[in-house]
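Working notes, beginning with the structure itself.
If you read the sequence from its start, that first residue is 1, and numbering goes on from there. Since the model is a prediction, treat every value here as computed from it, not as a measurement.
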Amino acid sequence: MKFARFLWNETVYTGVINDDVIKEIKGNLFGEWEYTGNEFSKNEVKLLAPLDPNKIIGIGANFVAKLEDLPDELPEIPVFFFKPTSSVIGPEDPIIIPSGINEVKFESELAVIIGKEAKNVPELEVLDYVFGYTVGNDVTAPQFFHQDGHWTIGKSFDTFTPLGPVIETELDPFNIKVTARLNGIEKQNSPTELMIIPIRKMISYLSKVMTLKPGDVILTGSPVGAELVGEGDVIECEIKEIGTLRNTFVMKKENVNV
């Protein structure tokens, strides 16, 4: 199923997409829900980020260029970071480049949506706790990285986490490609088998550190090929089985000291 959040007549709805029709649902997306009987055309609504995340966790430098580059031993402590929920936007929303810089970096990623509470989950059981998947763009302003390696500020600006266009629940995350096109030119295209920390190990590890909750979003890393972009650039992050997440970069108008 493809779940979407959308805006129609200034009201936010949740629904299931079938071709060009969205069937509204009500209830708990991660529990019990039902169809309302209302239907909308995709062409008459604005798609939003497909959920309001509970929390957002990313992993750094998690792809290699080719299978031969995969390390023999995995890092003992993977590099994880948090992104604020205030950074979330949806398809077609502008990505705002912060004042004082001219460029930021796009990072197309597979985003995992947790569907039920998970604590100390074995790797073999991880997918039982996954609700579905969407496309994420882990936008980054590396100019704001701390000299000691702290990434929080550089990844936390408003609009820096586009998500969408839908949550796909019927997906084999081990048999897809994560791609990105910048102004129509392909920049990223990698299968998930090139992840250094595989999805099962990633989520199992996190569940041993913290309790994962329904609505948590885990950004699983970006393929080789991400680069700096500026005002007017259009980024299309795509996983074919989910859809295309398209956004345009714009400069911040007012001056704000950070």
Side-chain angles (χ1 to χ4, degrees), residues 1-56 83-97 106 108-116 130-139 157-171 176 179-181 184 213-219 232-253:
M1 280 186 167
K2 287 181 165 63
F3 290 90
R5 284 174 67 246
F6 59 96
L7 186 67
W8 184 80
N9 199 22
E10 300 184 358
T11 301
V12 176
Y13 298 87
T14 300
V16 175
I17 296 182
N18 290 313
D19 297 323
D20 291 327
V21 174
I22 307 179
K23 297 182 178 181
E24 185 197 3
I25 64 171
K26 65 177 181 179
N28 180 2
L29 183 64
F30 305 110
E32 294 185 3
W33 55 266
E34 61 184 6
Y35 290 105
T36 66
N38 295 327
E39 296 187 357
F40 301 81
S41 168
K42 269 182 65 177
N43 297 327
E44 66 180 356
V45 306
K46 172 178 169 49
L47 290 180
L48 306 173
L51 80 163
D52 283 320
N54 181 57
K55 59 178 174 280
I56 306 166
K83 300 194 75 171
T85 57
S86 55
S87 67
V88 173
I89 59 173
E92 302 296 339
D93 289 335
I95 300 170
I96 310 299
I97 299 173
F106 68 84
S108 184
E109 310 202 6
L110 170 68
V112 177
I113 314 298
I114 299 299
K116 60 182 180 179
V130 172
F131 175 75
Y133 307 84
T134 191
V135 182
N137 186 352
D138 177 23
V139 181
F157 287 92
D158 290 353
T159 75
F160 268 27
T161 314
L163 296 174
V166 300
I167 299 173
E168 173 60 79
T169 61
E170 299 173 12
L171 181 77
I176 58 171
T179 69
R181 293 183 299 275
K213 300 278 191 175
D216 284 352
V217 174
I218 301 172
L219 301 171
D233 285 330
V234 177
I235 185 67
E236 294 173 290
C237 301
E238 183 178 59
I239 295 171
K240 183 176 65 174
E241 294 82 355
I242 301 173
T244 301
L245 175 63
R246 183 182 184 275
N247 301 90
T248 300
F249 294 89
V250 301
M251 298 296 297
K252 190 164 189 172
K253 301 305 182 209

Inset, instruction - Give the C-alpha distance, both sets of side-chain angles, the deciding distance and a yes or no for side chain to side chain contact (heavy atoms under 4.5 Å, CB included) between Phe30 and Asn54. - result: CA-CA 12 Å; Phe30 305 110; Asn54 181 57; over 6 Å; no
Inset, instruction - Inspect the surroundings of NZ in Lys26 and state if more than 12 heavy atoms from other residues, nucleotides or ligands are less than 6.0 Å away. - result: no
Legend entry - More than 12 heavy atoms from other groups under 6.0 Å of CD on Glu32: no
Legend entry - Check against side chain to side chain contact (heavy atoms under 4.5 Å, CB included), Thr161 and Val139: CA-CA 6 Å; Thr161 314; Val139 181; over 6 Å; no
Inset, instruction - Can you tell me which residue pairs pass the side chain to side chain donor-acceptor pair (under 3.5 Å) test with a partner in residues 12-24, sequence neighbours excluded? - result: Glu24-Thr36, Glu24-Asn38
Which atoms form the tightest heavy-atom contact between [X] and [Y], and what is the distance?
X	Y	result
Pro91	Pro165	CG-CA, 3.8 Å
Glu170	Glu168	N-OE2, 2.9 Å
Glu109	Leu219	OE1-CB, 3.2 Å
Ile17	Ala4	CD1-CB, 3.8 Å
Ser108	Ala180	CB-CB, 3.8 Å

Would a distance-only check, ignoring hydrogens and angles, find a side-chain to backbone donor-acceptor pair under 3.5 Å from [X] to [Y]?
X	Y	result
Thr169	Met1	yes
Thr244	Glu236	no
Lys83	Phe160	yes
Ser87	Thr159	no
Ser86	Asp158	no

Legend entry - Sequence-distant partners of Glu10, side-chain contact (heavy atoms from CB on, under 4.5 Å), two or more places apart: none
Pairwise side-chain contact, [X] with [Y], heavy-atom cut-off 4.5 Å (strictly under):
X	Y	result
Val250	Ile96	yes
Lys46	Asp93	yes
Arg246	Val234	yes
Lys42	Ile22	yes
Val217	Thr134	no
Thr248	Pro94	no
Phe3	Val16	yes

Interatomic distance, [X] atom [atom1] to [Y] atom [atom2] [nearest 0.5 angstrom]:
X	Y	atom1	atom2	value
Lys55	Ile218	NZ	CD1	8.5 Å
Leu171	Ile176	CG	CD1	5.0 Å
Leu29	Phe131	CG	CZ	4.0 Å

Legend entry - Whether Tyr35 and Trp33 hold their rings parallel, tilted or perpendicular, with breakpoints at 30° and 60°: perpendicular
Inset, instruction - For the pair Phe40 and Val21, evaluate side chain to side chain contact (heavy atoms under 4.5 Å, CB included) and give the outcome as yes or no after the intermediate values. - result: CA-CA 6 Å; Phe40 301 81; Val21 174; over 6 Å; no
Inset, instruction - Begin from the C-alpha positions of Arg5 and Asp52 and carry the test side chain to side chain contact (heavy atoms under 4.5 Å, CB included) through to its verdict. - result: CA-CA 9 Å; Arg5 284 174 67 246; Asp52 283 320; 3.6 Å; yes
